[in-house]
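For this chain, numbers begin at 1 and follow the sequence in order. As the structure is a prediction and not an experimental result, all values here were calculated from the model. Computed from heavy atoms alone, side chains included, the values below leave out hydrogens, waters and symmetry copies.
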Amino acid sequence: ALVQFEKILSTYNMLFEQVLQQIINGLMLGSIYISVAVAFTLAIGILNFLNFTIPALYMLAGMVGWSLSQYGVPFGLSGPINWAFALFIGIICAILASLLVERFTYRYFKMKHGDATEHAIPLVSSLGFLLIFEYIILIAHGSDTRGFSTAFSNLDWRIGGFIISIPQLLSLVFSILIVAGLSVLLKRSKVGRALRAIAENPDAATIMGIDVDRIVPIVFILIGFLCGISAAIFAINYHEVSPYMGDHVGTKAIAAMVIGGLGSVWGAIAGGLIVGLSETLSIYFFGASSAQITVWGLLLVLLVFRPTGLF
């Protein structure tokens with residue numbers, strides 16, 4: 001009986017350690033979703049605009065970074081670029097692409113109709129940009145997943161029987177710090193007050209003397225920056241990129257945004273971590289095919305009992 005008890009205790013200890021390891025992995029995965037969820041939160045919370053190009057901006061930063069690190073600047077202008085500088089250029093490209101979307105979706109329809117948010121056309125236009133960016137990359141590099149080599153391979157921190165990836169841990173801390181800085185920017189800076197005024201009423205903000213046409217692009221710059229940072233974190237931690245990488249992260253980030261609460265920056269952090277945890281735990285217990293069911297099932301249950309989200 002004692003031997004049997006020891007076997008049962010050993011089994012439960014092993015299960016506990018494995019589950020705790022999956023919780024750690026889920027928190028690390030959540031760091032990828034946090035920044036993209038905050039990008040969606042900014043677009044909807046401030047501009048009342050569901051920006052469908054956000055997954056494409058995320059993909060663009062990763063694929064541009066990979067392309068530059070492998071081949072260098074197009075047309076033979078340079079050889080392969082250092083991976084860190086290549087990812088930095090990828091982030092810049094995501095910001096520039098985001099400004100392009102702002103110019104030809106939000107601003108164009110605001111000038112033409114008076115309020116871009118009252119029309120469904122900008123949503124369709126942003127979806128068009130999503131497809132354009134994705135297919136440009138597909139034409140240039142094909143649809144295969146590409147390996148991304150960095151200097152952070154196999155850097156793990158072992159505590160007892162648990163393994164914590166140092167790059168993933170740093171990425172989680174970095175993501176939270178970026179969002180914390182963004183929260184301070186929105187609450188305490190002059191630009192943040194202007195953005196919050198636009199979120200409340202764009203027409204009233206204009207009457208109060210806020211130059212909406214100069215302030216709104218800042219939102220798109222932040223969106224491109226957050227998407228680029230998230231893509232860089234993904235490439236560094238998982239050592240791969242693909243033209244479809246934005247599709248997976250985009251859907252999970254939308255779920256994270258809704259779970260945390262529309263318009264809540266800190267809610268997006270909580271939502272991202274919750275989605276990461278639910279995904280890794282469902283894969284561990286039920287297999288990889290269950291991840292989508294678990295995440296979206298959790299979202300539907302939350303919408304029934306708390307439609308406004310957690311925050």
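Within a 6.0 Å radius of CZ in Phe88, no more than 12 heavy atoms belonging to other residues, nucleotides or ligands are found. The number of heavy atoms from other shown groups lying within 6.0 Å of CZ (Phe285) is above 12.
Tyr135 and Leu127 fall into different hydrophobic clusters, where Ile, Leu, Val, Met, Phe, Trp and Tyr residues are linked whenever their side-chain heavy atoms come under 4.5 Å apart, directly or through other members. The cluster map of Ile, Leu, Val, Met, Phe, Trp and Tyr, joined by side-chain heavy atoms under 4.5 Å apart, puts Leu27 and Phe174 in the same cluster. Residues Val173 and Leu226 fall into different hydrophobic clusters, defined by Ile, Leu, Val, Met, Phe, Trp and Tyr side chains chained together at heavy-atom separations under 4.5 Å. The hydrophobic clustering, which links ILVMFWY residues whose side-chain heavy atoms are closer than 4.5 Å, places Val275 and Leu303 together. Criterion: ILVMFWY side-chain heavy atoms under 4.5 Å apart, direct or through other members. Under it, Leu57 and Leu131 are not part of a common hydrophobic cluster.
Interatomic distance, CE of Met245 versus OH of Tyr238, reported as 11.5 Å (0.5 Å rounding). Between the CE atom in Met28 and the CG atom in Leu277 there is a gap of 9.5 Å [rounded to 0.5 Å]. Phe133 CZ to Ile137 CD1: the interatomic distance, rounded to the nearest 0.5 Å, is 9.5 Å.
The aromatic rings of Phe49 and Phe220 are tilted relative to each other, their planes meeting at an angle between 30° and 60°.
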### Query
Taking it one step at a time, do Tyr244 and Ser143 satisfy side-chain contact (heavy atoms from CB on, under 4.5 Å)?
CA-CA 8 Å; Tyr244 300 114; Ser143 60; 3.7 Å; yes
### Query
side-chain hydrogen bond (donor to acceptor under 3.5 Å, both in side chains) between Asn25 and Thr280: does it pass, once the steps are laid out?
CA-CA 7 Å; Asn25 294 341; Thr280 55; over 6 Å; no
